[in-house]
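Below is one structure, written out as structure tokens; comments come after it.
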Amino acid sequence: MGSYKFVSIALSLMISFVTTSAYTHYRLPTSIKPDHYNLKIVSYLEESKNFTFNGLVSIQFDVLEDTSNITLHLRNLTVEESRIELYSTGDDGENFTFCLRNIDKVPDLDYFIIQLCEDLHSGQKYNLTLRFSGTLNDELNGYYRSSYVNGRNETTWLSVTQFEPTYARSAFPCFDEPNYKANFTIWLGHHKSLKALSNMPVETQIPLDDVEDFVWSIFKESLVMSTYLVAFSINDFESIESKHNDSDVIFLTWCRPDCYGRCLYAAKIAPDILRFYEVMFDIPFPLTKVDQIAVPDFSQNAMENWGLITYYEAILLTKTNGSSIGSEEKLMIAITVAHELAHQWFGNLVTMEWWNDIWLNEGFATYISTLGVGSLYPDLPWYAFDTYDNFKEFFIADAEPSSHAISKNKCNSSEIMQSFDAIAYRKGAAVLRMTHKSMGPDWFFAGVCGYLNKHKYANAEQDDLWQSFREAFLKSSSSLKPPTDIKTIMDSWTLQAGYPLLQVKRNYETGVVEISQKRFLAHDVNQTKPEENSNQCWWIPLSYTTAAELDFNSTEAKVWLECDLQSGSSSLSLNPPNGVAPTDWIIFNIQMVGVYRVSYDHQNWRLLAATLNSELFENIHVINRMQILEDIYAVAKQGEQSYELYFEILEYLQREQETWPWEPAVVGLKELSAILAPFPLVSKYLNKFMRYIIEPYYHHIGGLNDAVDMSEIHSQLIMIACLLETEHCVQTALNYFEQWKSIFNTTEINALSSELKVIVFCTAVRFGPVDNWDFLWQQYVESREEEMLLGLGCSASETVLRRFVKNYLDLTNGSENGTHDVFYYIFRSVTGVKIIRENFIDAITNSTAMTDVNTLLLCSFNLVLPNDLNTFEDLINLNPDYFKDYEEMVEYTRSTINSKVQWIEHNLEVIKSYLHKRLTQMGILENNVDDNNS
């Protein structure tokens, strides 16, 4: 780039003001397109300098349409308006300066609008220079400060960026929308004792004039990218270098010096995952280096900035130095690293046009990351984690009438953050997995690679992906081609909220299987306006197998359930080629490839139950065992099937030794346990049943044992086993607690994982003497460990829990957070809910107490008695001012309580009767047990 002569231009109007005529659409005007940013920022990390930064940005841009203003984004920055410069360069190299008329600001949209005295002309290039300053905030977004305490017990400061989705504008004035891609040349001014990182490698370093001991770190010009992917950091970290043998890309993994050994695992796996993606997409990674930095304070798990990936320290670092890393810990780190590296193609290379299609970034990164982790650990049952972890995250939210489509029809500036949710990440990933697995890998990856190549270094919408899939189909020789246009199929999944319930009814005489669909809604039996969803349907690829076939490897669609979106009509009469014997079951949705639930007729459910409760239960694939447990609980809860059938199927778990089926089982049992807790007798029956099915698996995994590598589901199961008074679990926990009490220095208990601490503390408080609670409280006062708070809330004693509330509020001086916390730690028990009920209104109306209404409403989810709805309504009616800003949450809570009250009316006696009968048959319960007082 040639050198330009900069000319300062005095504004004809020096006072900034807001005008009613200012541009107020939530998208920037399309008349200007940035081409290149020269960004210089000097950062002052010294407390004496108040954590400030100042900078200069020169933006070269093209004019696409004649315009009399320049509209860009700016938030929480001070601009030297009298020194704004704007010029163009003619064909002869002469500089032409422009007169600036005034400045308009639209704070709600972060617009900074420079009104010009004359038009800028289409086809011309211009350069705008702005000088600005700001503060390194402590809000974990934009350009902010973080810190850690070093080995000398000194606070050490660093700076880092987090710009997604709309925070680049709070670090420098810019066109802060994803479709305004540009190249960036970045200069970072900082103290010479510190290191500077950015998207690109450092090209050179020179002294910074007029600031003693400061230098400029000047980085190479970046690839074209969106503003939300710009990143930089000033820190004193150390790095680990790593590299794949078949790649030239250098990885540097940065962490604070005393955590060096805990970075080793992330440094080791990242090059291997990146290389796997390069081969899979046949598109080389376009940068020469990737910095990974572990930040002490970070608002997300990680951020995929090109060339400088930022991670929350607790996510990236292992718990200990060296190679002693548990498999669950490795998996969690690998998932995060693989997700961010997948973004290098999905989001960085090809970026969504606008935030309504954020799923093109996040859905792809979530799904592709499962393939990346699978490349690291091909022998792990990764497929099960991939499947259920995605489904459990969005199945509940997407079953609510208030859910939204994967791709929103519109997404204004206030809705952008709300788009980063389980629907975009998890459902987006599940739809991509369904597309991949049901229609075959060849055309899927041909379409994906075509999409990446066609739109690289640019932006795309979901229709661009469908077009690439269509082109791949036309070239494919696969017999799995869909029955209609790919856009028609995929739009049914991405442009409407919810997902289908597949209803399967068999004719056991003719062998014909009648299939229909409807939207699955969590509270379907209580719908007041069912017509609102009556015309919804989806194009569903159907895979199935039978007891005779036992083919759980073929996930491809054998037939399609078509969908007429105009009428909502969707049904199919299926006559399987090989038939289905009346005594054989049929299972749809092999390995949960499809994004739907299945409800069979009663007889087919009974056939599945019979197989599961036999020695042949492993004939059914582990993912489909997981699916059966997930679906039967959902349809029983909804009223489609009976709870007798649910418990009959659940009983097979006393044989199950695979981990994954326990995930949906634990979710269902915990929810049932909570809703039945106010009814002592039926709760007692449920606990006995749960102990019967859980105890064999508890012993299979080694029980409560500090030497066991504890996964999340295992820790939940062991906690349940202890709460159900499994003898080995309770006694082991009490022994651990006594060992801890007997040692003045409590470092031994600190060697236990957080999960084991919670189990030990909770069990010791619940089943040990009250002295255990007193001792734990004193330890909490000194250490403030959250695991201790969780344990303190486990007491079943009303007297002790009341003391807990009083002590905690005294300790926190009745602060808002104090009330919030103590309610959170006790609301899981019947006794705790009783105490919350009594203090509910006081907690809200007391000006010194907690005003987090959302949390109080969450506590009320455990209100399930018929009179509880009246109590809740009284609370709302007597305190309207406190709830006026929470109407949506209030309505959701009201609906939840109402559905639970109705659920009790429909199911309590049924469950009580079945469990009594079955426990008696098994000899667990004697016939003369008192059935009164349910």
Side-chain angles (χ1 to χ4, degrees), residues 1-6 34-46 49 52-61 77 80 83 85 127-134 136 142-145 157-161 163 168 171-175 181-239 241 248-252 254 286-293 305-310 348:
M1 178 180 292
S3 101
Y4 296 107
K5 181 176 74 172
F6 290 94
D35 177 59
H36 186 273
Y37 290 77
N38 274 314
L39 176 61
K40 298 181 178 182
I41 290 183
V42 182
S43 305
Y44 300 98
L45 286 170
E46 300 84 359
K49 298 290 184 68
T52 56
F53 64 91
N54 56 59
L56 177 149
V57 61
S58 292
I59 309 172
Q60 180 177 297
F61 60 89
L77 296 174
E80 295 184 52
R83 300 183 66 192
E85 300 168 359
N127 193 290
L128 172 69
T129 298
L130 301 166
R131 292 165 175 82
F132 58 92
S133 60
L136 291 165
Y143 189 31
Y144 72 94
R145 65 183 186 269
W157 294 97
L158 63 140
S159 66
V160 69
T161 57
F163 288 164
F172 60 98
C174 58
F175 298 86
K181 288 190 168 185
N183 302 101
F184 290 80
T185 300
I186 295 175
W187 293 37
L188 295 180
H190 58 92
H191 195 278
K192 65 182 181 181
S193 66
L194 301 175
K195 302 176 180 71
L197 304 175
S198 189
N199 304 86
M200 302 299 291
V202 173
E203 188 168 47
T204 188
Q205 198 173 80
I206 61 174
L208 198 163
D209 294 339
D210 302 326
V211 185
E212 187 178 356
D213 292 330
F214 267 54
V215 294
W216 284 114
S217 289
I218 305 171
F219 297 85
K220 293 182 178 180
E221 182 180 346
S222 77
L223 299 175
V224 64
M225 61 182 176
S226 304
T227 49
Y228 80 88
L229 292 170
V230 174
F232 39 87
S233 173
I234 308 297
N235 59 73
D236 71 338
F237 286 7
E238 295 181 355
S239 66
E241 182 174 320
D248 294 328
V249 180
I250 302 295
F251 276 80
L252 291 174
W254 298 84
L287 302 178
T288 60
K289 67 92 178 178
V290 178
D291 289 312
Q292 301 186 114
I293 182 169
N305 316 297
W306 234 351
L308 175 55
I309 303 175
T310 44
N348 298 12

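- Applying the ring-ring contact (aromatic ring centres under 6.0 Å, His included) rule to Y144 yields no partners; only residues at least two apart in sequence or on another chain are considered.
- In this structure, K49 has no salt bridge (Lys or Arg N to Asp or Glu O under 4.0 Å) partners at least two apart in sequence or on a different chain.
- With sequence neighbours excluded, the residues that form a side-chain hydrogen bond (donor to acceptor under 3.5 Å, both in side chains) with E80 are R83.
- The side-chain hydrogen bond (donor to acceptor under 3.5 Å, both in side chains) check on N199 picks up nothing, with sequence neighbours excluded.
- With sequence neighbours left out, the ring-ring contact (aromatic ring centres under 6.0 Å, His included) criterion links Y228 to W355.
- For Y143, the ring-ring contact (aromatic ring centres under 6.0 Å, His included) test picks out F53, F232, with sequence neighbours left out.
- Applying the ring-ring contact (aromatic ring centres under 6.0 Å, His included) criterion to F132, with sequence neighbours excluded, gives no partner residue.
- A search for side chain to side chain contact (heavy atoms under 4.5 Å, CB included) contacts involving K181 returns V224, S226, T351, N459, not counting sequence neighbours.
- Legend: residues meeting side-chain hydrogen bond (donor to acceptor under 3.5 Å, both in side chains) with N183, ordered by chain and number and at least two apart, are absent.
- Applying the salt bridge (Lys or Arg N to Asp or Glu O under 4.0 Å) criterion to K195, with sequence neighbours excluded, gives no partner residue.
- Looking at residues two or more places apart in sequence or on another chain, you find no side-chain hydrogen bond (donor to acceptor under 3.5 Å, both in side chains) involving N54.
- A search for salt bridge (Lys or Arg N to Asp or Glu O under 4.0 Å) contacts involving D209 returns nothing, not counting sequence neighbours.
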